[in-house]
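For reference, positions follow the sequence shown, starting with 1. Counting convention: from 1, in listed order, for ligands and their atoms alike.
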Amino acid sequence: MTIRTRLAVQFLLLASFILGGAFIVVYVLSAEYRTDQFMNRLHDRGANTAKILIQIEEVDERLLAKIEGDNPVRLPEESIIVFDNNDKEIFRLGSSDPPPVTPAFLKHVREEGEIREEVDQRERTAFLFDNGDERFIVIASGRDIYGRSKLRNQGRVMIATFLIGQVLIFLVGRFYAQRALSPVKRLVQDIEDISSTSLSRRVRTGNEHDELAQLARTFNTLMDDLQTSFQTQKNFIANASHEMRTPLSAISGQLEVLLLKARSPEEYGLSLRSILDDMRSLNRLADRLLLMAQAENKATAAFGTLRLDEIIWQARAELQRLHPDHLVDIDMDGVEDESDLLIRGNEDLLRSLLMNLLENACKYSGDHRAQVRLYGLGGDVAIDVVDSGIGIAAEDQERIFEPFYRAANTGTARGHGVGLPLARRIAELHGGRLFLESAIGKGTRFTVCLPRVV
Ligand code: ADP
């Protein structure tokens with residue numbers, strides 16, 4: 001069932017409930033009112049007749065029957081019966097077939113004072129008529145033909161109104177549901193028009209104020225994010241394949257040249273070393289891309305409690321194995337307690353982060369030296385990696401965190417521009433930050449802050 005029909009049906013049920021309820025209440029009240037009115041008229045008729053019969057001496061039963069027989073205000077099928085103190089019938093007027101009167105009924109009337117009831121579609125009121133020392137019983141009955149037919153008619157009108165109302169309410173409900181849902185339909189159409197090739201399209205935001213406009217705006221924001229990440233992904237793949245193709249073409253070029261003719265052992269050695277360098281660089285790029293994929297998702301990276309100083313020592317050892325001429329000084333004077341060095345994290349990712357910073361610091365400084373300083377900073381443990389190298393221009397300081405971006409002053413230093421984006425991603429994955437301070441020609445300080453285990 002569509003929302004439109006569902007809304008219309010709910011609207012119909014609600015309206016029917018209210019309308020039906022109101023009609024029932026009105027009908028019941030009308031029915032009660034009719035009964036009361038007719039009973040009161042019967043009572044008045046009975047009381048008047050009894051008063052004339054009992055209190056006016058000149059009037060006997062025959063005269064009263066004659067007077068009342070001609071009375072124009074007589075009620076349909078009216079019957080008035082009067083019993084004396086001993087329950088003996090002393091007067092009877094009207095319908096030859098009134099509801100039966102039993103001694104038990106008379107007794108009941110004497111106990112209750114007045115009984116009003118409906119017998120065979122006829123109203124009957126029986127009450128005591130006190131005349132000083134005697135208590136008469138007057139029983140007046142009649143058929144409220146006019147009142148009943150009026151009530152029946154009212155009932156029929158109500159049922160017809162209710163049924164016609166149902167149809168109208170359903171149609172009106174459907175119309176309003178359709179109107180209310182038309183912005184949703186438009187939204188769905190707009191969304192259907194968006195595909196991976198038209199990611200720049202956006203949905204219309206309608207009147208800008210209501211909940212649907214809010215939904216459309218939220219959707220558009222989501223699309224902005226998706227488009228950006230889709231574009232980033234596309235650029236990333238293009239850059240990654242470019243970065244891989246460069247060393248691969250260099251390797252195949254060198255091999256082709258080498259195969260052109262026989263070479264001396266020195267020439268072979270030189271070429272093979274160069275090829276090995278390219279292969280290593282390719283290998284490191286592949287490693288970093290793999291780590292990047294790993295760092296994208298916290299669920300895939302196993303976390304444990306680690307000592308940060310141990311990871312720094314490991315990173316330094318690995319750096320010196322790869323580049324024996326790189327020097328790293330580690331200063332831990334800022335650490336008051338060893339427990340301040342405990343963090344929760346992934347060892348491989350953190351080692352790679354520090355390796356990148358140490359390697360860059362040595363790579364981009366003439367003395368190939370880096371100073372590392374460890375210290376507590378609020379709830380974090382901070383690591384400064386400082387060099388006195390070429391520095392980074394202010395306009396490049398944010399851009400170097402974009403994948404594959406390399407500043408103009410890197411000269412002949414090899415690299416792919418993947419290390420820092422990876423390092424920042426790893427820091428963020430650990431709930432930390434990576435930022436820098438640098439001046440061209442003076443040097444750079446990278447700072448990593450990671451939350452301590454408390
Ligand atoms: P790369 O492989 O090029 O070193 P990174 O992502 O590690 O890639 O660094 C990105 C760029 O940031 C580098 O190309 C370089 O321009 C700049 N950079 C990074 N660290 C330093 C540093 N310590 N001193 C000067 N420039 C740096």
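The N/O atoms of R414, backbone and side chain alike, include none that comes under 3.5 Å of an N/O atom in ligand 1. Looking at G415 next to ligand 1, no N or O pair under 3.5 Å apart turns up. Annotation: A407 places an N or O atom under 3.5 Å from an N or O atom of ligand 1; distance criterion only. Checked by distance only, ligand 1 and F446 stay at 3.5 Å or farther apart across all their nitrogen or oxygen atoms.
Atoms of ligand 1 lying under 4.0 Å from at least one heavy atom of T410, given by number and element, are 13 (C), 14 (O), 15 (C), 16 (O). Each of the following atoms of ligand 1 lies closer than 4.0 Å to a heavy atom of N360: 4 (O), 5 (P), 7 (O), 9 (O), 19 (C), 20 (N), 23 (N). Below 4.0 Å from some heavy atom of G391 lie the following atoms of ligand 1, by number and element: 25 (C). For ligand 1, the atoms sitting less than 4.0 Å from at least one non-hydrogen atom of R406 are 1 (P), 3 (O), 14 (O), numbered in the order shown with element in parentheses. Every atom of ligand 1 with a heavy atom of P421 under 4.0 Å away is listed here by number and element: 6 (O). Atoms of ligand 1 found under 4.0 Å from any heavy atom of I392, numbered from 1 in the order shown, are 18 (N), 21 (C), 25 (C), 26 (N), 27 (C). Those atoms of ligand 1 with a heavy atom of T444 less than 4.0 angstrom away are 24 (N). Residue contact check: V418 has heavy atoms under 4.0 Å from atoms 6 (O), 8 (O) of ligand 1.
Summarising the local packing, CE of M332 is surrounded by more than 12 heavy atoms from other residues, nucleotides or ligands at distances under 6.0 Å.
Between H43 and F127, the two ring planes are parallel [angle under 30°; tilted spans 30° to 60°].
Closest protein heavy atom to atom 4 (O) of ligand 1: Y364 OH, 2.8 Å. Among all protein heavy atoms, the one lying closest to atom 17 (C) of ligand 1 is I400 CG2, 3.9 Å.
Using a 4.0 Å cutoff on heavy atoms, N356 does not count as a contact of ligand 1. Contact between Y405 and ligand 1 is present, with at least one heavy atom of the residue lying under 4.0 Å from the ligand. Contact analysis puts K363 in contact with ligand 1, with a non-hydrogen atom separation below 4.0 angstrom. Between G417 and ligand 1 there is a heavy-atom distance shorter than 4.0 Å.
Counting heavy atoms closer than 4.0 Å to ligand 1, residue H416 contributes backbone atoms (N, CA, C, O) but none from C-beta onward. Residue contacts with ligand 1, taken as heavy atom pairs separated by less than 4.0 Å, involve I390 solely via side-chain atoms from C-beta onward.
Without hydrogens or angle criteria, R424 side chain to L434 main chain gives a donor-acceptor distance under 3.5 Å.
Between W313 and V372 the shortest side-chain heavy-atom distance does not fall below 4.5 Å.
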Check step by step if ring pair (Phe, Tyr, Trp, His ring centres under 6.0 Å) holds for F404 and F236.
-> CA-CA 8 Å; F404 303 103; F236 187 88; 5.2 Å; yes
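Under a 4.0 Å N-O distance rule, the pair K261/E256 does not qualify as a salt bridge.
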